[in-house]
Amino acid sequence: MSTDSSTDEKTKVSHFIRNIVIADLSSGKHQSIKTRFPPEPNGYLHIGHAKAICLNFELAREFSGLTNLRFDDTNPAKEEEVYARAIEADIRWLGYQWDELCHASDYFERFYDYAVELITAGKAYVEELSADEMREYRGTLTEAGRPSPWRERPQEESLDLFARMRTGEFPDGAYVLRAKIDMASPNIKMRDPAIYRIRNIPHQRTGDAWHIYPMYDFAHCISDAIEGITHSLCTLEFEDHRPLYDWVLDNISIAAHPQQIEFARLNLDYTVMSKRRLKLLVDEGLVDGWDDPRMPTLAAMRRRGYPPQAIRNFAELIGVTKSESIIPLGVLENEVRNELNQTAPRAMGVLDPLKIVLLNFPEGETEWLEAARHPQDESMGKRKVPITREIYIERGDFMEEPVRKYFRLKPGGEVRLRNAFIIKFVELMKDENGEIVEIRCELDPQTRSGMPESNRRVKGTIHWVSAEHGVAAEVRLYDRLFNVENPLADKQRDFQEFINPDCLSKAQAIVEPSVFAGGENFQFERVGYFCFDSKDSTADKPVLNRTVSLRDSWAKRGQ
RNA sequence: UGGGACGUGGCCAAGUUGGUUAAGGCACGGGGUUUUGAUCCCCGCAUUCGCAGGUUCAAGUCCUGCCGUCCCAGCCA
């Protein structure tokens with residue numbers, strides 16, 4: 001295995017946005033670049049956001065630029081500070097540090113001034129049609145809209161009304177400020193879009209200073225310009241907004257004009273990826289919270305044990321394009337395995353214990369064996385593993401009537417105990433129901449790891465834990481949250497109906513004591529990668545999350 | 001039936017100003033190593049770039065037409 005751990009220095013995948021940046025830098029359009037990640041603090045970040053975060057931060061890093069974190073907090077009805085804090089934590093966990101921490105609300109006064117500029121120039125007016133009426137006047141996809149009766153309202157009148165809207169003189173919905181563009185535009189976004197609305201509610205950060213709040217299309221482009229953003233990256237659904245983005249900047253007295261570039265958002269199969277729907281799962285109690293390890297949120301992935309490096313590698317791997325695609329969940333899981341395979345120390349844990357008695361092992365004694373923490377990386381050192389007369393193996397590692405090519409323990413057969421020695425089946429004991437309760441074996445003392453005879457080959461190697469030294473732990477096994485590739489495909493049914501009933505199962509495991517002294521992630525050999533649950537695990541009652549299983553070509557063959 | 005965008009192997013995705021044999025990853029198949037049926041290592045895997053015409057000595061790359069998919073009619077972002 002390569003000792004080069006600089007996975008950050010992986011060859012960058014070429015993509016169109018990077019090419020634009022390269023061109024802008026070499027043409028002299030920009031001396032340096034600046035990007036931004038602009039979340040609305042109304043929910044938790046998910047893996048889709050991670051794609052955008054990685055894109056913005058990595059692009060800036062690659063070209064020695066900067067990235068701002070900007071909260072797009074222009075709608076106080078939906079936003080909360082707790083979300084902002086969680087978002088900051090998630091971005092840091094992913095491994096990024098923003099240059100400036102900004103808020104659209106920091107610019108409210110400037111937005112207002114620019115709006116006044118627009119009105120003064122006859123390019124915006126105060127509307128008093130209701131929302132319903134505005135919709136009627138807007139026309140349809142195939143029919144042009146009609147001008148509002150208030151479209152030619154004198155500027156002085158609009159100015160006066162707008163000022164009074166600000167101070168809270170009018171109820172919500174009474175007026176709205178509209179940009180005067182083109183009611184007949186084939187692009188509906190350009191049919192005199194609203195740029196300010198009245199909301200008589202306090203804002204998380206500005207308190208009751210304002211009674212009007214700017215709309216996204218007005219605030220976003222100006223925020224970008226104020227911050228000196230050079231490349232404003234967003235998702236495909238904003239393509240229709242770009243002419244408006246450009247219109248606003250072209251019609252106010254601001255020099256900077258960032259370039260909006262759209263790319264396809266990430267879609268993963270067997271999951272949903274919208275804050276609204278994830279919030280629904282949380283609110284309806286279908287999951288235990290935003291950080292429930294089954295969720296596609298970054299908080300959930302952190303809790304489940306996903307290394308941030310795996311997510312960064314994944315983001316790089318999937319590329320950046322304008323074509324919409326659905327990435328198999330397995331691709332993400334592979335990146336998690338790849339990362340953990342290199343970094344996670346090994347241990348043994350039995351999820352479904354079956355007792356084995358080693359007949360020729362002295363009763364009451366413990367032998368401490370030495371085992372590598374990692375089979376390929378000696379720098380991780382060794383650990384001591386205790387073995388006793390009674391041990392547990394995985395119930396699935398014994399078959400009374402073995403199928404063809406079954407390499408594990410079977411009547412009359414031999415297997416190697418990982419890191420220990422070869423044992424030979426002697427007899428099995430069943431209870432009154434016919435269930436196997438114990439298997440008796442004999443160990444071959446010449447095959448102890450490290451001894452000359454230890455290289456003797458047997459087909460199978462299985463993991464085990466000393467009955468006396470093993471520690472009981474609750475293990476939580478996760479599977480995909482939904483049991484259909486696209487939970488939203490069936491318009492007749494709610495996506496909640498497709499939740500996989502087996503997405504969470506629990507087991508009482510017996511695990512090797514060394515895991516309690518180790519780091520965050522470890523591998524139970526032959527089983528999967530695990531970590532302690534950050535919320536529910538205690539010293540008395542350890543709780544382990546299975547981050548991801550190991551690849552299993554044997555199980556796959558059985559399917 | 002308006003406008004915007006996309007369409008390269010099962011899934012992603014590179015493809016310089018058109019110039020030979022269409023990167024790479026995942027998945028899949030086969031083989032090797034292995035005290036994890038893990039990892040790792042080999043090998044294989046698109047005569048073809050949504051379709052149909054056209055321009056050219058030469059087209060995935062240019063032109064025309066067609067087909068398919070996605071987005072837009074919030075005082076959400």
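Because the structure is predicted, anything quoted here is derived from the model rather than measured.
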(message) With a cut-off of less than 4.0 Å, is there a side-chain N or O of A/Arg197 near OP1 or OP2 of B/rC76?
(response) yes
(message) Using atom C1' in both nucleotides, what's the gap between B/rG68 and B/rG50 to the nearest angstrom?
(response) 7 Å
(request) Look at the side-chain N and O atoms of A/Thr447 and state whether any lies under 4.0 Å from the OP1 or OP2 oxygen of B/rU35. (result) no
(message) Would you call the rings of A/Phe522 and A/Phe524 parallel, tilted or perpendicular, taking 30° and 60° as the class edges?
(response) perpendicular
(request) Please assess A/Glu262 against A/Lys322 for the test salt bridge (Lys or Arg N to Asp or Glu O under 4.0 Å), listing each intermediate value before the final yes or no. (result) CA-CA 7 Å; A/Glu262 311 84 16; A/Lys322 296 186 70 135; 3.4 Å; yes
(message) Can you confirm whether the side chains of A/Asp240 and A/Asn187 place a donor and an acceptor under 3.5 Å from each other?
(response) no
(message) A cation-pi test, strictly: NZ or CZ of A/Arg146 under 6.0 Å from the centre of the six-membered ring of A/Tyr137 and no more than 45 degrees from its axis. Yes or no?
(response) yes
(request) Choose from B/rA14, B/rU35, B/rG2 the nucleotide whose nearest atom is closest to any side-chain atom of A/Ile188. (result) B/rG2
(message) I want to verify a distance call: between B/rA73, B/rU39, B/rU35, whose nearest atom is closest to the A/Thr140 side chain?
(response) B/rA73
(request) Would you confirm whether the ring centroid of A/Tyr216 sits within less than 6.0 angstrom of the ring centroid of A/Phe238? (result) yes
(message) Contact between A/Trp150 and A/Val126 at the side-chain level, heavy atoms closer than 4.5 Å - yes or no?
(response) no
(request) Using the P atoms only, state how far B/rU39 lies from B/rA77, rounded to an integer number of Å. (result) 47 Å
(message) What stems show up for RNA chain B when you take Watson-Crick pairs (N1-N3 plus N6-O4 or O6-N4) and G-U wobbles (N1-O2, O6-N3), both under 3.5 Å, and require three or more consecutive pairs?
(response) B:2-7 with B:67-72, B:10-12 with B:24-26, B:28-32 with B:40-44, B:50-54 with B:62-66
(request) For A/Met215, answer base if it contacts any base atom (sugar-phosphate contacts may also be present), sugar-phosphate if it contacts only those atoms, and nothing otherwise; contact means non-hydrogen atoms under 4.0 Å. (result) sugar-phosphate
(request) Could you check which of B/rU36, B/rG37, B/rC76 has an atom nearest any side-chain atom of A/Lys78? (result) B/rC76
(message) Using a 4.0 Å heavy-atom cut-off, does A/Ala264 contact any base of the nucleic acid, only the sugar-phosphate backbone, or nothing at all?
(response) nothing
(message) Check this one for me: any side-chain N or O of A/Arg456 less than 4.0 Å away from OP1 or OP2 of B/rU35?
(response) no
(message) By the rule that syn is within 90° of 0, classify the base conformation of B/rG74 as syn or anti.
(response) syn
(message) Distance check, C1' atoms only: B/rG9 and B/rG4, in whole angstrom units.
(response) 29 Å
(message) Can you tell me if A/Arg526 touches the phosphate of B/rG37, counting only side-chain N or O atoms and a distance under 4.0 Å to OP1 or OP2?
(response) yes
(message) Using OP1 and OP2 only, check whether a side-chain N or O of A/Arg199 sits under 4.0 Å from B/rC76.
(response) yes
(request) Would you state whether a donor and an acceptor, one from the side chain of A/Glu324 and one from the base of B/rU69, lie under 3.5 Å apart? (result) no
(request) Looking only at side-chain atoms of A/Ile318, point me to the closest of B/rG4, B/rC12, B/rC75. (result) B/rC12
(message) From the set B/rG7, B/rA14, B/rG3, return the single nucleotide nearest to any side-chain atom of A/Ser323.
(response) B/rG7
(request) Establish, for the pair A/Arg166 and A/Tyr112, whether the NZ or CZ atom is under 6.0 angstrom from the six-membered ring centre and no further than 45 degrees off its axis. (result) yes
(message) With rounding to the closest Å, how many angstrom separate the P atoms on B/rU21 and B/rA58?
(response) 14 Å
(request) Can you spot which of A/Glu394, A/Glu525, A/Arg418, A/Glu512 makes a side-chain hydrogen bond (donor to acceptor under 3.5 Å, both in side chains) with A/His463? (result) A/Glu394
(request) Starting from P on B/rC70, measure out to CZ on A/Phe238 and report it in whole angstrom. (result) 19 Å
(request) From the options B/rG2, B/rA14, B/rC75, select the nucleotide whose nearest atom is closest to the side chain of A/Ala194. (result) B/rC75
(request) Indicate, yes or no, whether a donor-acceptor pair under 3.5 Å links the base of B/rU39 to the side chain of A/Arg337. (result) no
(request) Please determine if a side-chain N or O atom of A/Thr461 lies less than 4.0 Å away from the OP1 or OP2 oxygen of B/rG37. (result) no
(request) May I ask you to verify if any side-chain N or O of A/Arg138 is less than 4.0 angstrom from the OP1 or OP2 atom of B/rC72? (result) no
(request) Please determine if a side-chain N or O atom of A/Arg18 lies less than 4.0 Å away from the OP1 or OP2 oxygen of B/rA14. (result) no
(request) Anything under 30° is parallel, anything over 60° is perpendicular, the rest tilted; go ahead and classify A/Phe108 against A/Tyr213. (result) perpendicular
(message) For B/rG4 and A/Arg242 - does any side-chain N or O of the residue sit under 4.0 Å from the phosphate oxygens OP1/OP2?
(response) no
Expected rows: protein N/O vs nucleotides 25-29 of chain B N/O, under 3.5 Å:
{"from": "B/rC26", "atom 1": "O3'", "to": "A/Asn334", "atom 2": "ND2", "distance (Å)": "3.1"}
{"from": "B/rA27", "atom 1": "OP1", "to": "A/Asn334", "atom 2": "ND2", "distance (Å)": "3.1"}
{"from": "B/rA27", "atom 1": "OP1", "to": "A/Arg551", "atom 2": "NH2", "distance (Å)": "2.7"}
{"from": "B/rC28", "atom 1": "OP1", "to": "A/Lys556", "atom 2": "NZ", "distance (Å)": "2.8"}

(request) Check whether any side-chain nitrogen or oxygen of A/Thr321 sits under 4.0 Å from OP1 or OP2 of B/rA13, and answer yes or no. (result) yes
(message) Does the Lys NZ or Arg CZ of A/Arg480 fall within the cation-pi geometry relative to A/Tyr270 - under 6.0 Å from the ring centre and within 45° of the axis?
(response) yes
(request) Compare side-chain N and O positions of A/Thr74 against OP1 and OP2 of B/rA77 and report whether any pair is under 4.0 Å apart. (result) yes
